[in-house]
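This report concerns only the one structure given below.
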Amino acid sequence: MGKDLLRIIDSGEDFCRRVLTLGPEMKARRRDPSLGKPLDGLAVVTIYEKPSTRTKVSFEVGIRELGAQVVELTKAGSQLSRGETLADTAHTLERYADAIVYRGFNHDSVVGIAEHARIPVVNALTDLYHPCQILADLMTIEEHCGTLNVPISFIGNGSNIAHSLLGAAAVLGLDLTIGTPPNAMPRPEIVQEAADLVASTGGRIRVVNDPIEAVAGARIVYTDVWFDMGKDDEETVAKRSAEYQCFQLNAELLAKADREAQVMHCLPAQRGREATDEVLDGPQSIIFDQAENRLHAQKAILALLLGKDVG
Ligand code: CP
Ligand code: NVA
């Protein structure tokens with residue numbers, strides 16, 4: 001386990017397993033006063049370059065529940081927007097706070113802050129990765145399936161969610177199939193890095209372009225918006241949606257998965273685009289358990305990175 005959580009593949013198996021143990025404990029003992037305030041007296045700064053509902057609220061509530069104070073910055077409202085360097089920002093924030101949670105456009109910005117800050121930095125989503133989301137998702141899969149050892153299928157958009165799932169599959173030896181249109185495949189170097197590691201962790205990673213092949217037999221069918229924040233302008237959506245249409249998670253496609261398959265979506269959803277209401281609101285959907293588990297998993301992540309494991 002390193003100082004930061006930037007990518008699951010770098011944080012390693014031990015860290016993931018500890019989050020998957022402590023997260024459920026945080027959930028079970030949320031209202032248990034004996035948990036105390038493990039981060040009492042500490043402070044966390046959160047920085048958002050992009051909009052957020054789940055990440056922002058779950059981090060803020062979680063940080064307060066752990067007893068720390070939280071200060072929220074936006075890029076636009078900070079001196080980062082006027083060209084203050086990542087290094088100067090990091091060296092300043094580390095004098096006030098004990099951890100930084102950063103949602104950025106470019107993964108390199110989060111890496112840059114982490115390189116300069118002496119305090120832990122948590123990636124709260126970049127163009128390339130969303131590790132907090134995926135750790136909460138793994139907790140949700142274990143909760144519903146009793147194990148991570150089930151076929152997991154992710155369909156649609158091969159970006160940050162797909163990349164972090166690949167990292168998780170590699171580190172934990174999962175059975176993961178990614179199905180995307182040819183123009184939306186995950187980055188080849190990220191697939192390769194995961195494939196190299198999965199060979200030694202006993203999992204299986206496949207990347208396919210056929211939606212039925214992608215979901216066949218899957219116990220988990222996971223999708224995400226087709227167009228990421230900042231890449232969802234009207235022109236792109238109008239021009240490119242047709243490429244993705246056969247990956248829409250609707251009742252017909254879901255019927256090709258395992259009979260007991262459960263539906264995941266990191267949210268926010270573009271309902272009627274990448275998934276239908278029928279599926280998102282249907283009996284197989286666990287999307288709001290996923291959303292809830294962001295809170296518990298992130299409390300575990302912060303407690304572990306700050307050396308305050310309560311497990
Ligand atoms: N899933 C997720 O990160 O949601 P927000 O963008 O609302 O934080
Ligand atoms: N891939 C999506 C995830 C949102 C939580 C995006 O980057 O917008």
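Ligands are counted one by one from 1 in listed order, and the atoms in each one are counted from 1 as well.
- A cation-pi arrangement, defined by a distance under 6.0 Å to the six-membered ring centre and an angle within 45 degrees of its axis, is absent between K75 and Y48.
- Listed by number with element, the atoms of ligand 1 under 4.0 Å from a non-hydrogen atom of H130 are 2 (C), 3 (O).
- Atom numbering of ligand 1 starts at 1 in the shown order; those under 4.0 Å from a heavy atom of C266 are 1 (N).
- Here the CZ-OG1 distance, from F247 to T180, works out to 6.0 Å after rounding to the nearest 0.5 Å.
- Distances below 4.0 Å separate heavy atoms of L267 from the following atoms of ligand 1: 1 (N), 2 (C), 4 (O).
- Ranking the protein heavy atoms by distance from atom 4 (O) of ligand 1 puts R54 NE, 2.9 Å first.
- If you check which protein heavy atom lies closest to atom 6 (O) of ligand 1, you get R103 NH1, 2.9 Å.
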Taking a 3.5 Å cut-off between nitrogen or oxygen atoms, can you list every pair linking ligand 2 to the protein, with distances?
unit_1   : atom_1 : unit_2 : atom_2 : d
ligand 2 : 1 (N)  : N160   : OD1    : 2.8
ligand 2 : 1 (N)  : D224   : OD2    : 2.6
ligand 2 : 1 (N)  : D228   : OD1    : 2.7
ligand 2 : 7 (O)  : N160   : ND2    : 2.8
ligand 2 : 8 (O)  : M229   : N      : 2.8

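- The number of heavy-atom neighbours closer than 6.0 Å to CD of E278, taken from other residues, nucleotides and ligands shown, is 12 or below.
- Donor-acceptor pairing under 3.5 Å is lacking for the side chains of D175 and N149.
- Against a heavy-atom cut-off of under 4.0 Å, R294 is close to the following atoms of ligand 1: 1 (N), 2 (C), 3 (O).
- The nearest heavy-atom contact from the protein to atom 7 (O) of ligand 1 is T53 N, 2.7 Å.
- Between K56 and ligand 1, no pair of N/O atoms sits closer than 3.5 Å.
- Hydrophobic cluster membership of Y244, counting Ile, Leu, Val, Met, Phe, Trp and Tyr whose side-chain heavy atoms lie under 4.5 Å apart directly or via other members: W226, F227, V237.
- Residues K37 and E65 are not paired through a salt bridge, judged by the lack of any N-O separation under 4.0 Å between the basic side chain and the carboxylate.
- In this structure, I47 is not a member of the same hydrophobic cluster as L305, with clusters built from ILVMFWY side-chain heavy atoms closer than 4.5 Å.
- Every residue two or more places apart in sequence or in another chain was checked for a side chain to side chain donor-acceptor pair (under 3.5 Å) with E115, and none qualifies.
- Take D10 and apply the salt bridge (Lys or Arg N to Asp or Glu O under 4.0 Å) test, not counting sequence neighbours, and it matches R7.
- No side-chain donor-acceptor contact under 3.5 Å links N123 and Y102.
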